[in-house]
There are 2 protein chains.
Amino acid sequence: MARGKLIDLMRPLRRNDTRRVARILQRLDEVQIAAQLDNTPPDAQDRILKMLSVERRAAVFAELREETAAELVRRLAPEEVAVLLDDLEADDVADILGRVEETRLRQILTRLDPEDADEVEQLLGYDENTAGGIMSLDFIRVYDTVTVAEATRVVQEEEDPPDQAFYVYVVDDDERLVGVVSLRMLLTSRRDDPIREIMEPELVYVDREADQEEVADVAMRYDLVAVPVVDDQRRLVGVVTIDDIVDVIREEATEDILKMAGAGEELFETRSFWTSLRARMPWLLAAAIGGVLVAAALSGFEGALETVPVLALFMPVIAGMGGNVGTQSSTIVVRGLAVGYVESASLGRLVFRETGLGMALGALYGLLIALVAPFIGARVPDPLALGAVLTLGMMGSMTIAAAVGTSIPLLMNRLKIDPAVSTGPFVTTAVDILGLMFYFWLATVLLGVEA
Amino acid sequence: MARGKLIDLMRPLRRNDTRRVARILQRLDEVQIAAQLDNTPPDAQDRILKMLSVERRAAVFAELREETAAELVRRLAPEEVAVLLDDLEADDVADILGRVEETRLRQILTRLDPEDADEVEQLLGYDENTAGGIMSLDFIRVYDTVTVAEATRVVQEEEDPPDQAFYVYVVDDDERLVGVVSLRMLLTSRRDDPIREIMEPELVYVDREADQEEVADVAMRYDLVAVPVVDDQRRLVGVVTIDDIVDVIREEATEDILKMAGAGEELFETRSFWTSLRARMPWLLAAAIGGVLVAAALSGFEGALETVPVLALFMPVIAGMGGNVGTQSSTIVVRGLAVGYVESASLGRLVFRETGLGMALGALYGLLIALVAPFIGARVPDPLALGAVLTLGMMGSMTIAAAVGTSIPLLMNRLKIDPAVSTGPFVTTAVDILGLMFYFWLATVLLGVEA
């Protein structure tokens with residue numbers, strides 16, 4: 001990497017070595033300072049920002065993570081915020097202010113340049129997870145009647161050129177999007193060529209209301225660095241640039257990972273005890289209710305437990321291995337659905353293969369457990385019969401788990417329920433109840449004890 | 001989206017309605033056909049490809065997922081493969097051929113254009129997870145002594161322009177990278193301006209050996225659509241373009257998700273029974289060994305189980321809730337580490353907060369379970385004492401789980417072991433052993449039974 005190594009600001013700051021902090025700040029670029037502020041407690045953020053010149057402070061602010069910027073916006077005076085936001089593009093301002101409560105938002109908007117404020121309000125009107133919510137209003141547009149020379153002049157005269165200007169969009173008299181021209185084409189075409197002749201007319205675009213995941217899919221599939229956004233009349237209203245698409249891809253992956261564990265939707269939530277508690281409670285409540293159902297289901301086997309208490313010792317491994325395989329299956333399905341990897345034509349085959357895997361793995365590890373069972377120091381009534389209970393019990397638990405772990409997310413997806421969020425507790429509970437009941441039922445039959 | 005809806009090819013193909021398949025193929029673009037082939041069994045892939053013209057077949061092939069393309073390369077004759085690969089850029093060819101065994105690779109390379117084959121071999125020499133492994137050799141480069149007009153001519157005369165040409169890189173006499181110029185700057189600058197005066201000299205670049213995750217981080221932080229790659233003399237050797245960076249971000253997220261569940265590293269592995277079995281066995285073996293340890297640890301409490309078998313009924317919920325919280329904590333840490341969200345300065349605070357959360361959630365749900373316990377139809381010796389065992393047991397299990405779930409991935413990370421791959425079985429086993437032993441110990445104390 002260029003621009004020197006990342007030098008830690010926090011250590012000298014904690015030692016109150018202000019001179020050293022100032023020297024380090026001079027050697028870091030704005031992106032590097034912002035990266036450190038993102039992972040710094042609020043008071044340290046404020047101290048570092050105060051040490052920067054007004055211009056640099058705004059430049060650092062522009063590079064902060066959205067959530068960090070939003071926290072700062074909540075903390076600082078509206079006047080200070082207006083100065084920091086002044087240099088940002090409208091879509092970035094909207095992303096940050098979308099996280100701020102209404103009254104504060106109003107205070108800040110009235111302090112922005114009226115034209116900028118208008119753009120921000122327009123963008124805030126869209127759902128933040130749609131193309132409209134992440135698009136930029138800053139793009140270069142020409143009419144389809146111009147020549148290459150005229151289009152080039154439009155690019156040259158652009159007062160406030162977008163950060164990422166790689167294309168010129170071509171519209172007809174009704175502002176409808178009809179083509180796209182790369183800057184390279186402009187540079188390599190003859191000056192008096194009509195733009196219609198050099199533009200790419202078969203272009204890809206998305207609707208304002210398109211989900212941001214769909215926009216990311218389109219950009220990835222077609223290798224685009226910008227996706228034009230149109231209204232219902234196919235009029236060009238904005239452009240989603242690749243930097244925002246990259247953020248979407250990363251955010252959606254994080255969201256899926258956290259949702260699968262029932263740990264919320266954003267890493268930012270985990271920063272506070274209370275938001276984190278709230279985010280986790282529903283998932284755990286579902287699991288607790290499941291746990292009660294498991295206890296109730298197993299209460300029918302108290303007799304067997306009393307006669308052969310060693311059965312209880314293997315409950316964790318029987319249920320746990322089932323849970324593991326179930327999680328593996330549902331993880332494959334949830335991620336496969338998210339990245340378009342699960343083929344709708346062969347869902348049956350997928351369930352079948354996973355269930356087969358569960359059975360094979362269950363036989364393997366069941367046998368393993370059965371072989372070591374006699375040596376763990378518990379009173380074993382009939383080692384052979386217990387071995388059979390453990391082997392078959394493990395097979396049953398893991399087969400059920402794989403089948404359930406594959407089917408539940410597929411079913412959720414079919415019912416248009418987000419499979420990432422709801423699979424976990426269902427799979428665990430189902431596996432615990434079905435797997436352990438099967439295990440105890442085997443015990444009553446093979447060990448000849450009463451339930 | 002443009003270009004019409006995605007029409008399903010598979011249904012008419014299964015009905016052998018070749019005419020309808022041909023008609024649909026005409027209405028889909030190459031990206032849409034490739035997207036369907038990616039999720040299609042091999043025989044159907046072959047049938048569809050045979051129906052396309054040679055040119056279209058190559059165009060569709062270019063849009064396939066790497067793994068699908070590699071499978072085709074393994075299946076088809078080397079001559080056919082050479083035709084399909086002819087239009088691809090060297091870095092894409094290298095990605096595909098990197099998945100093919102050596103002898104086949106040689107057969108194909110000798111059939112490619114010698115210059116292309118050289119480039120591919122050069123790229124295959126790099127580790128596939130480094131900047132060198134994902135960079136393109138196709139970029140526009142000018143010397144720092146030229147004018148804008150001369151640089152423009154270089155762009156215009158580029159015979160085989162890169163798909164994504166948005167920048168011109170500026171090098172000195174020793175081929176060392178000294179600056180970058182966007183095509184927009186070229187378009188808006190005066191023709192006789194020296195390139196040195198309009199170029200951005202403070203540019204960001206990466207080393208050939210840099211890990212692909214580092215390249216993605218740099219691109220994201222600096223909002224770049226292309227990251228130049230240099231050798232140890234800072235000579236420009238390639239460029240990583242944003243489409244490859246996007247792939248890296250998505251792949252790494254999938255890898256983390258799958259690794260955490262012990263389900264392998266790539267979704268592609270899950271396509272086959274045997275690779276999937278192999279990918280899952282180590283993780284499950286660790287969990288099975290853990291399960292045996294749990295059984296051995298609990299064997300000391302057989303007496304308690306015999307006297308109060310109802311204790312066994314609540315083992316799944318005590319261990320399960322602990323496991324859930326432990327997974328939540330470790331998920332937050334693993335993902336936080338992956339996206340740079342875990343602040344090294346406040347690891348202590350993180351462990352402290354998570355452990356506090358575990359305790360609070362344990363108290364809440366422990367109480368809940370204790371309240372319903374008397375109603376689930378089991379013979380309860382002393383409902384009040386059992387309630388205390390359940391509440392405190394749940395608190396203990398969830399507190400331990402949160403502490404262990406946070407600490408293990410942090411420790412792994414410190415030891416330079418990938419925290420995603422190794423956390424799961426450790427956390428589950430530790431939680432099962434510690435949580436359940438605490439639970440049974442509580443029972444011996446509060447219910448006055450013998451271990």
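In this text the structure is predicted, and so the values were computed from the model without any measurement. Naming convention: chains lettered A, B, ... in sequence-line order (proteins, then strands); numbering from 1 in each chain.
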Of the listed residues ([options]), which shares the most heavy-atom pairs with chain B below a 4.5 Å separation?
options	value
A/G262, A/G300, A/G303, A/A219	A/G262
A/G323, A/S330, A/S189, A/A312	A/A312
A/L277, A/T254, A/T331	A/T254
A/V325, A/T327, A/L361, A/L436	A/L361
A/L305, A/V317, A/V31, A/L298	A/V31

### Task
Just jot down the side chain to side chain contact (heavy atoms under 4.5 Å, CB included) partners of B/Q156, sequence neighbours excluded, or say none.
A/T188, B/T152, B/R153

### Query
Looking at residues at least two apart in the chain, or sitting in another chain, which of them share a side chain to side chain contact (heavy atoms under 4.5 Å, CB included) with A/D256?
A/R335, A/A338, A/A420

Output the option from [options] having the highest count of non-hydrogen pairs under 4.5 Å with chain A.
options	value
B/M260, B/M321, B/R250	B/R250
B/A297, B/A287, B/G320	B/A287
B/A263, B/A295, B/A319, B/G291	B/A295
B/A253, B/A296, B/A288	B/A288
B/L183, B/I257, B/T241, B/D247	B/I257

For [X], is it the side chain, the backbone, both or neither that has a heavy atom under 4.5 Å from a heavy atom of chain B?
X	value
A/L364	side chain
A/D217	side chain
A/I242	side chain
A/L357	both
A/Y365	side chain
A/M398	side chain
A/E354	side chain

#### Entry: Proximal component of B/L285, with respect to chain A [non-hydrogen, under 4.5 Å]
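Contact with chain A involves both backbone and side-chain atoms of B/L285.
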
#### Entry: A/F273 versus B/G356, closest heavy-atom pair with distance
CE1-C, 3.6 Å

### Message
For a quick test of reading the model, state the closest non-hydrogen atom pair linking B/R184 to A/A165 and the distance between them.
### Response
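Closest approach of B/R184 to A/A165: CD-CB, 3.7 Å.
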
Interatomic distance, [X] atom [atom1] to [Y] atom [atom2] [nearest 0.5 angstrom]:
X	Y	atom1	atom2	value
B/S299	A/F375	OG	CZ	14.5 Å
B/W283	A/Q328	CH2	CD	6.5 Å
A/R65	B/R221	CZ	CZ	6.0 Å

### Task
Evaluate the ring planes of A/Y167 and B/F166, with Trp represented by its six-membered ring, and classify them as parallel (under 30°), tilted (30 to 60°) or perpendicular (over 60°).
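Aromatic pair A/Y167/B/F166 classed perpendicular.
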
With a 4.5 Å heavy-atom cut-off, do [X] and [Y] have their side chains touching?
X	Y	value
A/R280	B/I332	yes
A/Y222	B/D29	yes
B/L313	A/M315	no

### Query
Testing B/V225, B/D223, B/L224 for side chain to side chain contact (heavy atoms under 4.5 Å, CB included) with A/D243, which one passes?
B/D223

